Asks: 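Handing you a structure now.
Just so you know, these numbers come straight off a predicted model, no measurement behind them.
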Amino acid sequence: MKAATLDGRRALSRPNEKLSVGFRSFLTTECQALLARLKQLKSFGLSMPMVGAANISLPAQRAIHLLLKQSVQELKSRILTFRAVLRDTPDLEAWEAQKGFTTLKLRFNWLLDSLDIFADALTMRSEHNIGVWLAGMDALAEDTLQLKGRYFRSPPLITYLDRGHGAAIRRARTRLPGGKSNPVAIIRVPRERMISTGIASSLIHEVGHQGASLLNLVPSVGEAIKQMALVDVENLELWNWLDRWISEILSDFWSVASIGIGSTMGLMNVVSVPAYFVFRLRAEYPHPPPWIRVQLSIAIGAALYPDPQWDRLKVLWNRLYPLRLAQPNTIETYKGLVDLLPAFTHLLLEHRPKLL
């Protein structure tokens, strides 16, 4: 005979043993355990202790609450369906019952993974002073994502602190574990970055990743770079480097456009590491090497906000990390990139993606 499956299809008969009474009872008990655990998943509004000023925005609260509520309801429905199959299908084979249950367990773990992503971002909101500080960073992040022309619908943004050196963003409308769309953008900022100019520079750089995604800038500017490379064949290799780094460059552009020289000074703070790392040029890295990345930030700032301060900042950076400290085989590449910056910056400023 053929056995019923969870999705309504029929499995081909196999010479396996039918589901024993003991195994059927075991799986039914495991389903009941999953249901009991699901009942313990509460809205963050009922479980996160924090002062009102430290809370995330109402749109972010609603988006997360609806996502988790929908996910719990869907999983509960799947568990009840599977339990009914166990009860009403006497000829169900053991291998197929086990396959259905392991799929439920995977979905349950994906739900917990998604829950932990938001819990990591919300738990520290109860820390004295830190919670209110983070709420202010949320407001800054959402403010710098807004464009006057309303070219896109901005998602809610929330921030949190973590260990490590690099900031990061889990963009809104990307896939969460299990395949659901993330309803909010979650920005992680290293604790060591919470001093001086590094705060806003790092935060808004990550916001830039979200903004570039909403405007579809990476493929759009990437195509413009490729067209330029076809014309400027002598500098083809240099244009290829810029194309490889374009996602990070656009985020730096967003940051400089938002807060001016504070962005570049914050970047200098972040990438002030031993010279070997400042000049390390690797094709597999998505970020430009720190030395040319600061040069790019200065060039963008000087084009957006002309002022002698940018020249002074460039002199300072070149004194801190003179080009002679680079590996000999990369010096000519760096010189070529510096010479190309005016043309590249002009390309960025004049570019108009479809949404703009």
Side-chain angles (χ1 to χ4, degrees), residues 145 147 149 151-152 168-169 171 173-174 204-258 260 263-264 267 271 277-306 310-311 313-314 317-318 321 323-324 326-356:
L145 187 58
L147 296 181
Y151 300 103
F152 51 74
I169 183 172
R171 298 195 314 273
R173 301 163 197 172
T174 55
I204 301 174
H205 171 88
E206 299 306 328
V207 173
H209 280 297
Q210 182 68 72
S213 174
L214 293 170
L215 289 173
N216 204 31
L217 283 178
V218 172
S220 178
V221 178
E223 182 60 31
I225 291 175
K226 290 181 174 63
Q227 293 300 320
M228 182 65 75
L230 293 176
V231 177
D232 187 13
V233 179
E234 292 182 1
N235 293 314
L236 176 62
E237 182 181 354
L238 301 177
W239 286 108
N240 286 340
W241 280 113
L242 295 169
D243 184 39
R244 186 176 291 114
W245 302 325
I246 193 57
S247 176
E248 299 299 328
I249 292 173
L250 288 171
S251 295
D252 281 344
F253 187 103
W254 198 285
S255 183
V256 175
S258 298
S263 172
T264 306
L267 175 61
V271 301
F277 300 101
V278 171
F279 289 103
R280 186 163 57 175
L281 185 65
R282 294 288 187 273
E284 64 271 19
Y285 292 172
H287 291 81
W291 189 82
I292 195 64
R293 186 177 175 187
V294 172
Q295 302 283 359
L296 279 161
S297 183
I298 292 172
I300 291 168
L304 289 173
Y305 308 111
W310 298 102
D311 291 332
L313 201 59
K314 184 175 182 179
W317 182 246
N318 287 332
Y321 294 100
L323 190 53
R324 65 175 182 273
Q327 294 182 349
N329 63 332
T330 64
I331 289 178
E332 290 305 315
T333 298
Y334 282 127
K335 287 182 177 179
L337 286 168
V338 170
D339 291 340
L340 203 62
L341 288 185
F344 177 65
T345 304
H346 179 77
L347 180 150
L348 289 178
L349 264 66
E350 296 301 319
H351 183 72
R352 295 293 182 272
K354 291 181 179 180
L355 282 178
L356 299 182

Asks: If you look at every heavy atom in F279 and A326, which pair is closest and at what distance?
Replies: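 What the structure gives for the nearest pair is CD2-CB, 3.4 Å.
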Asks: Between N240 and K226, does a side chain to side chain contact (heavy atoms under 4.5 Å, CB included) hold up when you go through it step by step?
Replies: CA-CA 8 Å; N240 286 340; K226 290 181 174 63; over 6 Å; no
Asks: Hey, are the side chains of P289 and W245 touching, using non-hydrogen atoms and a 4.5 Å cut-off?
Replies: yes
Asks: Quick check for you: to the nearest 0.5 Å, what is the distance between L238 atom CG and L337 atom CG?
Replies: 5.0 Å
Asks: Working to the nearest 0.5 Å, report the span between CG of D243 and CE of M228.
Replies: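 That separation rounds to 12.5 Å.
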Asks: Below 30° counts as parallel, above 60° as perpendicular, anything between as tilted: where do the rings of H287 and H205 land?
Replies: parallel
Asks: Let me confirm one number: the CG-CG distance from L355 to L214, rounded to the nearest 0.5 Å.
Replies: 9.0 Å
Asks: Any donor-acceptor pair under 3.5 Å linking the side-chain atoms of H209 with those of S251?
Replies: yes
Asks: Would the number of heavy atoms belonging to other residues, nucleotides or ligands and lying under 6.0 Å from CZ of R282 be above 12?
Replies: yes
Asks: Please give me the minimum heavy-atom distance between I292 and P288, naming the atom from each residue.
Replies: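 Shortest heavy-atom contact: CG2-CB, 3.9 Å.
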Asks: Tell me which pairs pass side chain to side chain donor-acceptor pair (under 3.5 Å) where either residue lies in residues 327-353, with sequence neighbours left out.
Replies: S220-H351
Asks: Give a yes or no on whether the backbone of L230 and the side-chain of W239 come within a donor-acceptor separation of less than 3.5 Å.
Replies: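 No: the side chain of W239 does not pair with the backbone of L230.
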Asks: Between Y285 (side chain) and R280 (backbone), is there a donor-acceptor pair under 3.5 Å?
Replies: no
Asks: Taking the side chain as every heavy atom from C-beta outward, state whether V278 and V271 have any pair of such atoms under 4.5 Å apart.
Replies: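 With C-beta onward as the side chain, the pair stays apart.
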Asks: Apply salt bridge (charged side-chain N to carboxylate O under 4.0 Å, His left out) to R293 and list each qualifying residue two or more places apart in sequence or on a separate chain.
Replies: D252
Asks: I would like to know whether E206 and Q210 meet side-chain hydrogen bond (donor to acceptor under 3.5 Å, both in side chains); could you show each step before the answer?
Replies: CA-CA 7 Å; E206 299 306 328; Q210 182 68 72; over 6 Å; no
Asks: As an exercise, state the distance from CZ of F152 to OG of S213, rounded to the nearest 0.5 Å.
Replies: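 Result: 9.5 Å between the selected atoms.
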Asks: Could you give the distance from CD1 (I246) to CG (L217), rounded to the nearest 0.5 Å?
Replies: 9.0 Å
Asks: Between atom CD of E223 and atom CD1 of I225, what is the distance when rounded to the nearest 0.5 Å?
Replies: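 Answer rounded to 0.5 Å: 10.0 Å.
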Asks: Find out whether W291 and L281 are in side-chain contact, i.e. whether some heavy atom of one side chain is under 4.5 Å from a heavy atom of the other.
Replies: no
Asks: Taking the side chain from W317 and the backbone from V294, do they hold a donor-acceptor pair closer than 3.5 Å?
Replies: no
Asks: With side chains defined as the heavy atoms from C-beta onward, is the minimum distance between L341 and I300 less than 4.5 Å?
Replies: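 The answer is no, as the side chains (C-beta and beyond) never meet within the 4.5 Å cut-off.
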Asks: If you take all heavy atoms of A303 and L349, which pair is closest and at what distance?
Replies: CB-CD2, 3.8 Å
Asks: Quick check against the 3.5 Å criterion: does T174 have a side-chain atom that pairs as donor or acceptor with the backbone of R171?
Replies: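 Yes, T174 side chain to R171 backbone: donor-acceptor pair under 3.5 Å.
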Asks: Looking just at side-chain N and O atoms, do D232 and N235 make a donor-acceptor pair shorter than 3.5 Å?
Replies: yes
Asks: What closest approach, in Å, do V256 and Y305 show between heavy atoms, and which atom pair accounts for it?
Replies: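 Looks like O-CE1, 3.5 Å.
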Asks: Testing the basics here: between K314 and I298, what is the closest heavy-atom pair and its distance to 0.1 Å?
Replies: CA-CD1, 3.7 Å
Asks: Can you confirm whether F344 sits close enough to L296 that some side-chain heavy atom of one is under 4.5 Å from a side-chain heavy atom of the other?
Replies: yes
